[in-house]
Amino acid sequence: MRTVALPTVVTLGAIVFWVAGVPDVATVLAAVATVWAMQLIAPAIRRRSLSMEGWASEIFFAAPFVLFFLPYVAWAVLARPPLAWDWTGAVLALVAAGSVYASNWRQLRLGFDRELLEIMPPLHFTTAALRSYQLLAAAVGQELFYRGVVFEFLRPTIGWGVVVVSTVLFVVEHLGNRWAGAVLDIAYVVRITILSTILATIMFMTGSLWAALVGHVIYNLFPAAQVAWRYRVNPYRSSGT
């Protein structure tokens, strides 16, 4: 279960690097702390919605899906990383994302298994829509942050090392972020590590943040499509039938 350990550690790290006169590293760590802290706040608000009724319940259930992404966007606005386009990078990112996700063929197949989905509990339209939004918005927000903000501050200082740093931060976030109830395993960690490393390398070599965005969005389109298919196969029915 996620604790305050991660944001606390990176906040202390930010203070140490600031005192040591390394402002770029301190700023990145402070930014990471705000991103990870919101991942503690957002699920707490959503859990609160479960004890409420009416419009208040709907608002408290939906709010975290917006709040979760605010730090990503806020830091991207402050850092203003260039959104360059590169066709070669975009194609490479697209192929890499499709290949990495296809390596998880069993889960991909099960996600479109009609017989399996028909015996699962009906999926409310709101839940399906918010889950799909979360998947796609996460792809955009995380790339703006890990391949945009992190690169903007650290690339001039550590060069190729920024590929490693952005990937480590990206993977650690996924290991700690359990607000969506994700089940993590070694294969999952390997896949997101490979994906992040490829996208970071493409960003470093081409300078194209758009390419990284395309790759991550394509990767997350697969689970979003599975959510949509599950809703279509077994839609929510207000009568409960």
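Only a predicted model underlies this, so the values are computations on that prediction, with no experimental measurement involved. Hydrogens, waters and symmetry mates are skipped; everything else that's a heavy atom, side chains included, is used. All residue numbers refer to positions in the sequence shown, counting from 1.
- A cation-pi geometry, defined here as NZ or CZ lying under 6.0 Å from the six-membered ring centre and within 45° of its normal, does not hold between Arg191 and Tyr219.
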Return a table of donor-acceptor pairs under 3.5 angstrom between the side chains of residues 85-95 and protein atoms on other chains or two or more places apart.
| residue | atom | partner | partner atom | Å |
| --- | --- | --- | --- | --- |
| Asp86 | OD2 | Thr88 | N | 3.3 |
| Asp86 | OD2 | Gly89 | N | 2.6 |

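- When all heavy atoms are compared, the tightest approach of Ser132 to Val227 is OG-CG1, 3.7 Å.
- Residue pairs meeting the side-chain hydrogen bond (donor to acceptor under 3.5 Å, both in side chains) criterion with at least one partner in residues 159-172, sequence neighbours excluded, are Thr167-Ser196.
- A single hydrophobic cluster is not seen to contain both Val19 and Val22; linkage of ILVMFWY side chains at heavy-atom distances under 4.5 Å, directly or through other members, places them apart.
- Residues satisfying the side-chain hydrogen bond (donor to acceptor under 3.5 Å, both in side chains) test with Tyr146, not counting sequence neighbours, are Trp36, Glu173.
- Taking the side chain as every heavy atom from C-beta outward, Leu67 and Leu70 approach each other to under 4.5 Å.
- Here CG of Leu209 is found 12.0 Å from CD1 of Ile202. Values are rounded to the nearest 0.5 Å.
- Taken to the nearest 0.5 Å, the CD atom of Gln39 stands 10.5 Å off from the CD1 atom of Ile41.
- Using a 4.5 Å heavy-atom cutoff, the side chains of Phe69 and Met38 are not in contact.
- For the pair Ala97 and Gly215, the tightest heavy-atom approach, listed with the atom from each and the gap, is CB-O, 3.0 Å.
- Interatomic distance, CG of Leu199 versus CZ of Arg147, reported as 5.5 Å (0.5 Å rounding).
- Rounded to the nearest 0.5 Å, atoms CZ (Phe153) and CD1 (Ile158) are 13.0 Å apart.
- Think of Leu110 as one node in a network of Ile, Leu, Val, Met, Phe, Trp and Tyr side chains linked at under 4.5 Å; its network also takes in Leu116, Ile119.
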*Quick one: do Gln226 and Leu117 satisfy side-chain contact (heavy atoms from CB on, under 4.5 Å)? Show the steps, please.*
CA-CA 10 Å; Gln226 291 176 326; Leu117 297 180; over 6 Å; no
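- The aromatic rings of Tyr101 and Phe222 sit parallel to each other, their planes meeting at less than 30°, with 60° as the upper class boundary.
- Distance check, rounded to the nearest 0.5 Å: CG of Leu144 to NE2 of His216 gives 11.0 Å.
- Within the 4.5 Å cutoff, side-chain heavy atoms of Gln142 are placed close to those of His174.
- No donor-acceptor pair closer than 3.5 Å links the side chain of Thr127 to the backbone N or O of Leu123.
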For residues 7-18, which side-chain N or O atoms pair as donor and acceptor with protein atoms under 3.5 Å away, sequence neighbours left out?
| residue | atom | partner | partner atom | Å |
| --- | --- | --- | --- | --- |
| Thr8 | OG1 | Val4 | O | 2.6 |
| Thr11 | OG1 | Pro7 | O | 2.6 |

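- Listed by chain and number, the residues in a side-chain contact (heavy atoms from CB on, under 4.5 Å) with Thr157 are Asp24 (sequence neighbours excluded).
- Val189 places a side-chain heavy atom less than 4.5 Å from the side chain of Leu175.
- Of all heavy-atom pairs spanning Ala128 and Tyr231, the tightest one is CB-CB, 4.2 Å.
- Phe68 places none of its side-chain heavy atoms less than 4.5 Å from the side chain of Gln134.
- In this structure Val164 satisfies the side-chain contact (heavy atoms from CB on, under 4.5 Å) test together with Val168, sequence neighbours excluded.
- Rounding to the nearest 0.5 Å places CD of Glu143 at 12.0 Å from CH2 of Trp210.
- For Leu221, the side-chain contact (heavy atoms from CB on, under 4.5 Å) partners are Leu136, Val217, Ile218, not counting sequence neighbours.
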Pairs of donor and acceptor atoms involving the side chains of residues 25-35, under 3.5 Å and at least two apart or interchain, shall be tabulated with distances.
| residue | atom | partner | partner atom | Å |
| --- | --- | --- | --- | --- |
| Thr27 | OG1 | Pro23 | O | 2.8 |
| Thr34 | OG1 | Ala31 | O | 2.6 |
| Thr34 | OG1 | Trp75 | NE1 | 2.8 |

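- When all heavy atoms are compared, the tightest approach of Val162 to Phe151 is CG1-CE2, 3.6 Å.
- For Val73, the side-chain contact (heavy atoms from CB on, under 4.5 Å) criterion is met by Val77, not counting sequence neighbours.
- Partners of Glu118 according to the salt bridge (charged side-chain N to carboxylate O under 4.0 Å, His left out) rule, which considers only residues two or more places apart in sequence or in another chain, are Arg114.
- Not counting sequence neighbours, the partners of Asn104 by the side-chain hydrogen bond (donor to acceptor under 3.5 Å, both in side chains) test are Gln107.
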